[in-house]
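When reading the values below, keep in mind they use all heavy atoms of this one structure, side chains included, and skip hydrogens, waters and symmetry mates.
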Amino acid sequence: ARKPSLSGWLSQANQFYTNALASTQILKALGEFGITAAKLKAGQSEVKMLETVSATQAKEKGEAQAATQARDAALDELQAWLSDFRAIAKVALEEDNQLLESLGILQRTA
């Protein structure tokens with residue numbers, strides 16, 4: 001059997017509590033098992049809280065993905081700039097390997 005999604009489960013749970021609380025016949029039948037309207041309302045409140053938490057988590061997940069994409073784009077841009085900088089430094093300092101090494105640019109020796 002396929003496990004229902006959280007949104008599907010939340011929808012079913014909301015429907016259950018709404019219908020149970022709206023029907024005196026259902027409330028009476030559940031009351032025989034110690035399930036009162038107050039317990040149903042408490043359960044309904046917990047489902048609503050879970051809905052809110054789930055929506056917040058989904059929003060934050062989306063924001064985190066957007067932040068990761070922005071970070072990756074910035075790193076790509078920085079890498080391109082650094083590549084140009086290294087190429088220019090190699091030309092400008094080709095006579096002074098020590099200065100190149102101080103910039104972290106190691107030259108191969110033949």
Item checked: Glu94/Leu100 under side chain to side chain contact (heavy atoms under 4.5 Å, CB included): CA gap, chis, key distance, verdict -> CA-CA 8 Å; Glu94 69 183 329; Leu100 281 171; 5.6 Å; no
Evaluate the side-chain proximity of [Y] to [X]: yes if any heavy-atom separation is below 4.5 Å, no if none is.
X     : Y     : value
Arg86 : Leu82 : yes
Lys39 : Thr36 : yes
Leu40 : Phe16 : yes

Side-chain donor-acceptor contacts of residues 57-80 below 3.5 Å, not counting sequence neighbours, with atom names and distances?
| unit_1 | atom_1 | unit_2 | atom_2 | d |
| --- | --- | --- | --- | --- |
| Lys59 | NZ | Glu63 | OE2 | 3.4 |
| Thr68 | OG1 | Ala64 | O | 2.9 |

Margin query: Please check: side-chain N/O of Ser45 versus main-chain N/O of Lys41, any donor-acceptor pairing under 3.5 Å?
Written below: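 Checked: pair present.
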What pair of heavy atoms forms the shortest contact from [X] to [Y], and how long is it?
X     : Y     : result
Ala13 : Val47 : CB-CG2, 3.9 Å
Ala37 : Leu21 : O-CD2, 3.7 Å
Leu30 : Ala20 : CD1-CB, 4.3 Å

Could you list all the ring pair (Phe, Tyr, Trp, His ring centres under 6.0 Å) pairs where at least one residue sits in [range], not counting sequence neighbours?
range          : result
residues 44-97 : Trp81-Phe85
residues 18-66 : none
residues 39-70 : none

Calculate, to the nearest 0.5 Å, the distance between atoms [atom1] and [atom2] belonging to [X] and [Y] respectively.
X      : Y      : atom1 : atom2 : value
Gln98  : Leu103 : CD    : CG    : 12.0 Å
Leu6   : Leu50  : CG    : CG    : 5.5 Å
Leu93  : Leu99  : CG    : CG    : 5.5 Å
Glu101 : Asp96  : CD    : CG    : 9.5 Å

Note to self: Once side-chain hydrogen bond (donor to acceptor under 3.5 Å, both in side chains) is applied, do any residues pair with Ser7, and if so which ones, sequence neighbours excluded?
What the structure shows: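 Scan of Ser7 (side-chain hydrogen bond (donor to acceptor under 3.5 Å, both in side chains), adjacent residues dropped) gives Ser5.
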Item checked: For Glu51, all residues meeting side chain to side chain contact (heavy atoms under 4.5 Å, CB included), sequence neighbours excluded ->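 Result, side chain to side chain contact (heavy atoms under 4.5 Å, CB included) vs Glu51: Leu10, Asn14, Lys48.
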